[in-house]
Amino acid sequence: MKVLIVGGVAGGASAAARLRRLDEHAEIILFEKSSFISYANCGLPYYIGGVIADESALTLQTPESFRRRFRIDVRVRSEVKALYPGRKTVAVENLESGERYEETYDRLILSPGARPVRPPIPGVDEKRVFTLRNVEDTLRIKSFIKQQRPVAAVVVGGGYIGLEMAENLFHAGLKVTVVERMPQILMPLDYDMACEVQGYLREQGLRILTGESVTEFKATEDGLLVRLEKGENLRCDLAILAAGVAPDTRIAKEAGLALGWKDAILVNDQMETSMTDIYAVGDAVQVRHFVTGQPDLISLAGPANKQGRIAADRICGRDSHYNGSQGSSVIRLFGMTVAATGINERTAGQKGIVCDAAVTFSPSHATYYPGAKNMTVKTLFDPASGKILGAQIVGFDGVDKRCDIMAAAIRAGMTGEELAELELCYAPPYSSAKDPVNMAGFVIENVRAGLVKQWHWHTYADVLKREKTAFLDVRTEREFARGHISGAVNIPLDDLRERLAELDQSVSYYVNCHSGLRSYLACRILMQNGFDCYNLSGGYRYFEMVEKGGGFDATPRHACGAAIDRGGGQTP
């Protein structure tokens, strides 16, 4: 059996190694148009910033080591130009010599990956405008920084690669501005969670412009001028274009393979394309989203590796299936960790999926043990079944661990009540007896059991329009004086029972504290004394965080004017 693999890195290299483990006698040829077949794609920005000092550390397998270990014919600097399914051949060009030839196959695996999107912006091809896809791109940027000693950079795009590049350019000594056309950075997050990240990055020294677009790159005598849609001109020495990626499927399209969303290659759950004996894996294929069940594009190394393994299994007669991607991802920015899995509220709305959210604020480990740091956990769930649909976590220590638990819970179809029951490892340096994951489960359990009703930051405008409502803040007087929801009255939790007579039972109370815990306790007191009340999910700190991020102005459906009062206040 002769198997050709087009593209290395995650999907292709994984498929090649798996094939050899399953079939010692197969003839396997891997084509890669770059000089590297298996490298740490996600590590590339960190080499530019100096966090990874040794260039060789980026390479997981060299062509030579791959040949020696797996006896695979590795042909780097070889680009597959065309595919001819009728005669089962591919056309290859040796990029070093210019030689062109055809290679036959019995089975073919396509792993061409994704290419950086280059918007049709005037000047986008200027030599100081870089993209980052492979090791060669990384070396070009690193060399430019070393030789030209730039002072300022503009990063176009606030996704994972864009922000990793922004941080590492900052570490390399540059003044960095991030330009993102959407109202927020990090689109896997909901707007409210992104506000916390944006605020933190600005504190670290990055300038972040959201809701803004680049209209032109213009070379100048001393660098580059970046013109923005709203009129500002940014002067810099280099720009990084990180405006997203698109499936690199030209040869598949020209060969007549069936394509799906954004021209991604259509495959079944065994990674088979529409043509016999041709498989496709990685960033170039359309997948089924595990939560929504609908077609999606998810460009992540983990799914690509699994898909490569499944394609190899199928070629060798094993009955392996790919059951979908849920987009589990994590990023570290300066000291902060941001992780997400499953769907967010925005996706739920687009797909017509009914969901509710529990926002909790929990310490990374027992607070009596030194070094505990809080994390914000937003858990999406189906209010009817309690099934977990997604999670987003922003914090410092232990974020990845909790998001991994949430990812496993989603894959297992678990409910909020089952999160509450999870028995997780506990010792003071690592967690609390009630882990942040358990806490999210407790909130979902309480909401679904009717023990508490919630209100969310984005419903503030709607609450203002309702009759017979009031905002009640149960924090201390000192906390209240530092800032509170406009129009709120202040009765500290510990005084609430003695002051119930000051409240009107014909009024619905929208209650808040700092994080949502004390206000939950307040709601339990109020409900058992005949009051109608709602607990602010995430608490005042969350509400204020979104307000500082521009949330009440940035998104029209959330507009509500001055939401926070910085002084004064009312008493009943």
Side-chain angles (χ1 to χ4, degrees), residues 114 117 158-160 180-195 244-247 258-269 283-300 302-303 307 321-330 338-359 377-394 403 406-416 418-419 440 444 447-448 454 456-459 462 537 546 551 554-558:
V117 172
Y160 283 9
E180 169 55 57
R181 67 181 181 87
M182 300 300 288
Q184 67 171 82
I185 58 174
L186 295 176
M187 294 306 291
L189 301 183
D190 283 316
Y191 180 83
D192 43 9
M193 294 293 282
C195 282
V245 296
L259 304 180
W261 189 39
K262 295 186 178 180
D263 278 351
I265 302 170
L266 284 179
V267 293
N268 62 16
D269 65 356
D283 297 352
V285 304
Q286 176 178 294
V287 298
R288 181 182 68 86
H289 196 288
F290 184 80
V291 176
T292 69
Q294 298 181 28
D296 210 336
L297 282 173
I298 297 179
S299 300
L300 294 169
Q307 292 160 14
H321 298 263
Y322 189 69
N323 294 317
S325 298
Q326 63 195 69
S328 300
S329 58
V330 64
V338 182
T341 186
I343 62 172
N344 54 31
E345 284 184 312
R346 182 176 57 255
T347 299
Q350 292 168 350
K351 304 296 184 182
I353 298 172
V354 177
C355 74
D356 197 357
V359 180
V377 182
K378 182 174 184 178
T379 310
L380 271 61
F381 63 97
D382 181 335
S385 68
K387 188 175 179 180
I388 305 302
L389 303 175
Q392 303 157 50
I393 309 180
V394 175
C403 199
M406 291 293 197
I410 291 171
R411 186 65 55 159
M414 293 177 66
T415 65
E418 289 170 325
L419 288 186
I444 295 169
V447 169
R448 286 186 12 90
Q454 295 191 113
H456 297 280
W457 70 270
H458 56 76
T459 62
D462 294 331
S537 182
V546 180
T555 310
R557 71 185 181 90
H558 297 153

Margin query: I want to check a possible cation-pi pair here: Arg346 against Tyr191, using under 6.0 Å from ring centre and within 45° of the ring axis as the test.
Written below: no
Next item on the list: Measure across Leu297 and Val285 and return the closest heavy-atom pair with its distance rounded to 0.1 Å.
Entry: CD2-O, 3.5 Å
Check: So do Ile343 and Lys351 actually touch side chain to side chain, heavy atoms under 4.5 Å?
Finding: no
Notebook entry, point to check: Is the number of heavy atoms from other residues, nucleotides or ligands within 6.0 Å of CZ (Arg181) greater than 12?
Noted result: no
Margin query: For a quick test of reading the model, state the closest non-hydrogen atom pair linking Ala194 to Ile185 and the distance between them.
Written below: CB-O, 3.5 Å
Margin query: How long is the straight-line distance from OG of Ser329 back to CG of Leu300, given to the nearest 0.5 Å?
Written below: 6.0 Å
Notebook entry, point to check: What residues form a side chain to side chain donor-acceptor pair (under 3.5 Å) with Arg288, not counting sequence neighbours?
Noted result: none
Notebook entry, point to check: Does the side chain of His456 come within less than 4.5 Å of Asp356's, by heavy atoms?
Noted result: yes
Next item on the list: Taking the side chain as every heavy atom from C-beta outward, state whether Val245 and Asp283 have any pair of such atoms under 4.5 Å apart.
Entry: no
Notebook entry, point to check: At their closest point, which heavy atom of Pro383 faces which heavy atom of Cys355, and how far apart are they?
Noted result: CD-CA, 3.7 Å
Check: With distance as the sole test, does Asn344 use its side chain to make a donor-acceptor pair with the main-chain N or O of Pro188 at under 3.5 Å?
Finding: yes
Checklist line | Closest approach of Ser328 to Ala407 (non-hydrogen atoms, all atoms of both residues) | finding: OG-CB, 3.6 Å
Next item on the list: Measure from the side-chain N and O atoms of Gln286 to the backbone N and O of Trp261, and report whether any donor-acceptor pair falls under 3.5 Å.
Entry: yes
Check: Taking it one step at a time, do Leu419 and Met406 satisfy side-chain contact (heavy atoms from CB on, under 4.5 Å)?
Finding: CA-CA 9 Å; Leu419 288 186; Met406 291 293 197; 3.8 Å; yes
Check: Hey, does Lys378 have a side-chain heavy atom less than 4.5 Å from the side chain of Asp192?
Finding: yes
Check: If you take all heavy atoms of Ile444 and Gly416, which pair is closest and at what distance?
Finding: CG2-CA, 3.8 Å
Next item on the list: Measure the CG-OG1 distance between Leu389 and Thr341 for me, rounded to the nearest 0.5 Å.
Entry: 11.0 Å
Next item on the list: Rounded to the nearest 0.5 Å, what's the gap from CG on Asp382 to NZ on Lys387? Could you check?
Entry: 8.5 Å
Checklist line | Arg448 side, atom CZ; Thr415 side, atom OG1 - distance, nearest 0.5 Å | finding: 7.0 Å
Margin query: Donor-acceptor pair, distance only, cut-off 3.5 Å: does the side chain of Glu345 make one with the backbone of Ala357?
Written below: no
Check: Quick one: CZ on Phe290 to CG on Asn323, what's the gap to the nearest 0.5 Å?
Finding: 7.0 Å
Notebook entry, point to check: For the side chain of Gln454 and the backbone of Val447, is there at least one donor-acceptor N/O pair under 3.5 Å apart?
Noted result: no
Check: Quick one: does Gln307's side chain have a donor or acceptor within less than 3.5 Å of a partner on Tyr322's backbone?
Finding: no
Checklist line | Reported CG-to-CD1 distance for the pair Leu380 and Ile353, which is rounded to 0.5 angstrom | finding: 10.0 Å
Next item on the list: Return the set of residues passing side-chain contact (heavy atoms from CB on, under 4.5 Å) with Asp263 (not counting sequence neighbours), or none when no residue passes.
Entry: Thr249, Lys253, Leu259
Check: Is Gln184 reaching over with its side chain to a backbone N or O of Leu186, donor-acceptor style, under 3.5 angstrom?
Finding: yes
Item checked: Least distance between heavy atoms, Ala340 atom then Leu189 atom -> CB-CD2, 4.3 Å
